[in-house]
Amino acid sequence: MKILITGGAGYIGGTAVEIMRGQGHEISILDDCSTGHVDTIPKDVRFVQGSLLNPSEIADALTGTDAVIHFAGKSLVGESVDKPALYYSVNVGGTRNLLDEMYKAGVKKIVFSSSAATYGEPLQIPIPESATTSPTNPYGATKLAVDQMITTESRTRGLAAASLRYFNVAGALHCDRGWLSERHNPETHLIPNILCSSVENPVKIFGSDWPTADGTCIRDYVHVIDLIDAHIKALDSLQNELHEIYNLGSGDGYSVRQVVAAACEAFGHSIATIDSPRRPGDPAVLIADIGKARTGLDWAPTRGIQAMVADTLASFN
Ligand code: UFG
């Protein structure tokens, strides 16, 4: 299949490029490289350095495409609070442009990177796809707006679509060009921050008074390779005029201290931490109900927290 991967120079999109090209798909990439890295792009894929805000660049990237996997977008919760207009412009406006150009080009299949941030503060744990969506930050609000836009697009223009609501993505893929890993600047995610910490620069634990067993926040981590596997299954499952939404996590929760403990094991030594104030906007517990992806996509995560930490560590060395 000829697949356009938007955001294919990024951490998750780049992992998708590598795995899907290895399966024999013909891949094109559209990426503005605002946060992605050109050096991760394989030489044998078509790369359009362009923006979702520029319809002619999208049209160029879509040439000959059968399906789109749409990763491109702004993805930092904190930044979205500071710059909501940027998030609405790129995530919502940019996806609007993409859907319009797909329609013009007759491309009728899309798999979209949505987020657990669409749910906001959960009323039930684990969180099913039927849970109330009430995002607590602009990032989550833009992902929800796109999910809703895609639902309309599938009803009115016959789009075959899936939105995949990621919980906490971690880990890395090793390929012949080396490790494809998280390289954010600034880095806000827990596992890379733990691995980059030192005695002089201990990892901050954002809140130790949460209503959880050890007082720290609980999250649901999914390995990036398992995550891409779900995208491939979602792409295969698409049906005209239908928009399905699936949670992607592991279905298990780990506290911040448990993740630090897993990292200590991978390192083989202790890790310095410092209890710090709560980070604004963090919910106490986020755990996915992944029953729909298990049954609907015949998907199951196969790599646990230890593999995620070990692979991230290996990718940093
Ligand atoms: N944390 C720390 N110290 C750090 C970094 C994080 O204690 O240095 C804590 C956070 O407070 C949180 C947990 O570790 O409790 C995980 O934090 P991350 O920043 O790694 O991930 P988030 O859960 O905040 O965010 C992730 C995705 C978002 C998505 C969100 C959905 O990165 O894109 O899940 O809830 F919106």
Side-chain angles (χ1 to χ4, degrees), residues 7 10-13 35 71-81 87 90-91 112-122 125-127 129 131 133-147 163-171 182-198 201-224 227 247-250 253-263 271-289 305 308-309 312:
Y11 161 53
I12 301 176
T35 53
F71 296 99
K74 296 280 166 197
S75 63
L76 296 178
V77 170
E79 184 184 57
S80 79
V81 174
Y87 275 66
V90 174
N91 292 1
F112 169 61
S113 303
S114 185
S115 170
T118 52
Y119 297 114
E121 189 72 50
I125 295 289
I127 308 170
E129 291 83 355
T133 44
S134 182
T136 51
N137 53 65
Y139 167 67
T142 61
K143 290 289 180 182
L144 181 60
V146 173
D147 282 347
S163 287
L164 305 181
R165 290 188 172 158
Y166 306 169
F167 282 65
N168 290 63
V169 186
E182 281 195 73
R183 281 193 281 163
H184 300 120
N185 186 15
E187 185 54 75
T188 60
H189 289 149
L190 177 62
I191 293 176
N193 277 354
I194 293 174
L195 298 177
C196 293
S197 67
S198 60
N201 181 24
V203 60
K204 290 184 179 141
I205 295 192
F206 295 142
S208 44
D209 57 351
W210 294 94
T212 60
D214 67 15
T216 66
C217 285
I218 292 176
R219 293 289 182 271
D220 181 336
Y221 296 85
V222 58
H223 196 293
V224 65
L227 186 94
N247 287 337
L248 296 182
S250 67
Y254 289 86
S255 73
V256 173
R257 289 201 205 284
Q258 285 176 316
V259 177
V260 171
I271 290 170
T273 63
I274 182 162
D275 286 353
S276 304
R278 290 183 179 191
R279 190 171 65 176
D282 269 343
V285 182
L286 288 175
I287 301 173
D289 180 337
I305 192 74
M308 293 181 228
V309 172
T312 310

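All values below come from the heavy atoms of this structure, side chains included, with hydrogens, waters and symmetry mates left out. Owing to the predicted nature of the structure, the values given are computational and were not obtained by experimental measurement. Quick note: residue numbers are just sequence positions, from 1. Note that ligands are numbered from 1 as they come in the structure, with each ligand's atoms numbered from 1 the same way.
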* Considering residues at least two apart in sequence or located in another chain, which fulfil the side-chain contact (heavy atoms from CB on, under 4.5 Å) criterion with Ala262? -> Ile305, Gln306, Val309
* To do: Enumerate the residue pairs fulfilling salt bridge (Lys or Arg N to Asp or Glu O under 4.0 Å) with a member in residues 201-216, sequence neighbours excluded, ordered by first and then second residue.
  => Asp209-Arg278
* When you measure from the side chain of Glu129 to the backbone N and O of Asn247, does any donor-acceptor pair fall under 3.5 Å? -> yes
Please give the N or O to N or O pairs under 3.5 Å between ligand 1 and the protein, distances rounded to 0.1 Å.
| unit_1 | atom_1 | unit_2 | atom_2 | d |
| --- | --- | --- | --- | --- |
| ligand 1 | 3 (N) | Lys204 | O | 2.7 |
| ligand 1 | 7 (O) | Lys204 | O | 3.3 |
| ligand 1 | 7 (O) | Phe206 | N | 3.0 |
| ligand 1 | 8 (O) | Asn193 | ND2 | 3.1 |
| ligand 1 | 11 (O) | Asp282 | OD2 | 2.5 |
| ligand 1 | 17 (O) | Arg279 | NH2 | 3.4 |
| ligand 1 | 19 (O) | Thr188 | O | 3.3 |
| ligand 1 | 19 (O) | Arg279 | NH1 | 3.2 |
| ligand 1 | 19 (O) | Arg279 | NH2 | 3.1 |
| ligand 1 | 20 (O) | Leu190 | N | 2.8 |
| ligand 1 | 21 (O) | Asn168 | ND2 | 3.0 |
| ligand 1 | 23 (O) | Asn168 | ND2 | 2.9 |
| ligand 1 | 23 (O) | Arg219 | NE | 2.8 |
| ligand 1 | 24 (O) | Arg279 | NH2 | 2.6 |
| ligand 1 | 32 (O) | His189 | NE2 | 2.7 |

* **Partner residues of Asp147 under the salt bridge (Lys or Arg N to Asp or Glu O under 4.0 Å) criterion, sequence neighbours left out** => Arg165
* Could you tell me whether the side chain of Lys143 and the main chain of Ser113 form a donor-acceptor pair under 3.5 Å? => yes
* How about Tyr87 and Asn137: does a side-chain donor come under 3.5 Å of a side-chain acceptor? -> no
